[in-house]
Amino acid sequence: MAESEKSNSALSALSTESRSFPPPEQFAAQAKATADWYERADADREGFWAEQADRLDWSTKWDRVLDWDDAPFAKWFTGGELNVAYNCADRHVDAGNGDRVAIHWEGEPGDSRDITYADLKREVSKTANALEDLGVGKGDRVAIQLPMIPEAIFSMLACARLGALHSVVFGGFSPGALKARIEDAEAKVLITSDGQYRRGKPAPMKENTDQAVEGTTIEKVLVVKRTGTEVPWTDGRDLWWGDVVDAASEEHTPQAFEAEHPLFILYTSGTTGKPKGILHTSGGYLTQAAYTHDAVFDHTPGEDVYWCTADIGWITGHTYIVYGPLANGATQIVYEGTPNTPHEGRHWEIVQKYGVSVYYTAPTLIRTFMKWGEDIPAKYDLSSLRVLGTVGEPINPEAWMWFRQKIGAENCPIVDTWWQTETGASMIAPLPGVTHTKPGSAMAPLPGISAIVVDDDGNEVGNGEGGYLVVDKPWPSMLRGIWKDPERFKDTYWSRFADQGYYFAGDGAKYDEDGAIWLLGRVDDVMNVSGHRISTTEVESALVSHPTVAEAAVVGAADETTGQGIVAFVILRGDAAGDESKGEEALKALRDHVSKEIGPIAKPRQIMVVEELPKTRSGKIMRRLLRDVAENREVGDVSTLADSSVMDMITTGMQDSKED
Ligand code: WT7
């Protein structure tokens, strides 16, 4: 509440949450990860991680768990050797599980394909042989821009099998974005497709990737036929997947690579500037991917049907579609399309069809489902669900409750998982059979992970106080650097708290009165109102807790008296979008609601009703652009927006509201 805020703290802690949900008794009784895991990991961190690494098949065992001598450049499991693709495919076949389905693939137009672990091993082997014929070997870079089709997974694992690094670029990125990433990584081969389905229609892909490849290091372009779209062709450079991979041998002997051998580069744009090529390596990454997938989702291979709705173009797809689940022998859903094609119940139809038991998605999608209405999921049998998860942004308590009630039938633990492209795998999240979860909180660092909230000087803050989230001890799946740019790596992540040697995540966070961790958004977005540093997340969640609001984004705009004033952009819920809810009275009620929920200091100066919010393609709100609007500036770079017309709509709306 308002009393606990301090104007001199790094970040005010405004809201309180009294709801808390223990795991269902039956769930807790059978859960794999138990409370003692925290104690075991605290007592012997390296011993705990060594145990987790034993989940994998190593061809040579490591002799040292952690080498932090050259910090912040970590080495995990040195001396150890393994093949990542062998761990994700072959070993399950060797264990007698070749007939188990690895992937239930659902195409957007309604086609589908079941891929067993034996199929996966065969397809990955063929792809590896084909890539080898194209000259790809250890340490080479392969760019991949593909829709969500099985070949994307075969390609990634084929690279891993050869010790080549993949650089996956999200299918919706422009030729310019792809080109910049190809050039930075000096990729040799590009794997792409003729076209991709988007909202029920085939859209061109190769036509665009051709522009990206011009004048780069790319020697060969391997093209998967997906839509049958006609494509431009360069003889000698372009090859059909169907010709070279289908003709390749099914036998491929995986070679072991050292634990620190690079596995992939994944570019993250951050808020501004040139994208950073985040580098991940093999043994530590796969260890934490497998461990967290198992512990956080209470996953049992052969029983659970798991679905992570992310795209393989993001880290979530890398870690929780490809590496974690496949290392664990999971049976999972991979869905190609958008959630409203051909209808708004598509996800629930898939849950019902396959009996999905673990469903992992993003808060932005949950808020969209809320907007579409609860009667849509109500039409399907969702009783197979047992664990729900979220990632990507802070989840508003209101959206959390909706997820729990309307999707989870109040019977599924929700795991809100905080992590980043840079952290490689989950860091802060509940254990579903142990943690008493609170709506909107990621709760506590996982066993083996240490993260704290600190003030400007790097001192840990107390309960009820906010500050900066840091990771204070190295972890196995941590990024090993930024591709070709060690200085930027040190600068971006390790300089803010250099004296303490902490990893600076760039997020604001607080401890509540019980010491649970709440993520409060990027520190770049923090607003400063009359000397109070206020997080965007808390104000947005207060707005979303009003029955008329579906989504909200707030920004600080220059203000003569208070330094910054809070400007809010809100999307109304379907049934509240009538004219009266946009009137002065209704907006005043919303402002008062925020004031009542979290205190008068957080009351928005101005509220604008909008139809859409500007989001990146991974669903994050681009507050930078809203700040431009709120401060009447020319709107900045919109090239990473999912839908660039959104800004025109908002800017026009803002002008209209001023004329009122
Ligand atoms: C940023 C990292 C990790 C995969 C997807 C995003 C935000 C992520 C949460 C969460 C609050 C979250 C943070 C983080 N974020 N998960 N559970 N609660 N915020 O990866 O694109 O690298 O983004 O996403 O701000 O720093 P990413």
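For ligands, and for the atoms within them, numbers begin at 1 and follow the listed sequence. Nothing fancy with the numbering, it's 1 onward along the sequence.
- Salt bridge Asp311/Arg617: absent, no basic N to carboxylate O contact under 4.0 Å.
- Taking the charged nitrogens against the carboxylate oxygens, Glu540 and Arg367 have no contact shorter than 4.0 Å, which rules out a salt bridge.
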Show me the short polar-atom pairs for ligand 1: any N or O of it lying under 3.5 Å from a protein N or O, with distances only.
residue	atom	partner	partner atom	Å
ligand 1	15 (N)	Gly392	O	3.3
ligand 1	16 (N)	Gly392	N	3.0
ligand 1	17 (N)	Asp416	OD1	2.7
ligand 1	17 (N)	Thr417	O	2.8
ligand 1	18 (N)	Glu393	O	3.3
ligand 1	19 (N)	Pro394	N	3.3
ligand 1	22 (O)	Thr421	N	2.8
ligand 1	22 (O)	Thr421	OG1	2.6
ligand 1	23 (O)	Lys620	NZ	3.2
ligand 1	24 (O)	Gly392	O	3.2
ligand 1	24 (O)	Lys620	NZ	3.1
ligand 1	25 (O)	Asp507	OD1	2.8
ligand 1	25 (O)	Asp507	OD2	3.1
ligand 1	26 (O)	Gln420	NE2	2.8
ligand 1	26 (O)	Asp507	OD1	3.3
ligand 1	26 (O)	Asp507	OD2	2.8
ligand 1	26 (O)	Arg522	NH1	2.9

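- Scanning for ring pair (Phe, Tyr, Trp, His ring centres under 6.0 Å) contacts around Tyr360 gives Phe297, Tyr320, with sequence neighbours left out.
- Among residues two or more places apart in sequence or in another chain, the ring pair (Phe, Tyr, Trp, His ring centres under 6.0 Å) test is passed with Tyr38 by none.
- His299 pairs by the ring pair (Phe, Tyr, Trp, His ring centres under 6.0 Å) definition with His293, not counting sequence neighbours.
- A distance below 6.0 Å separates the ring centres of Phe369 and Trp372.
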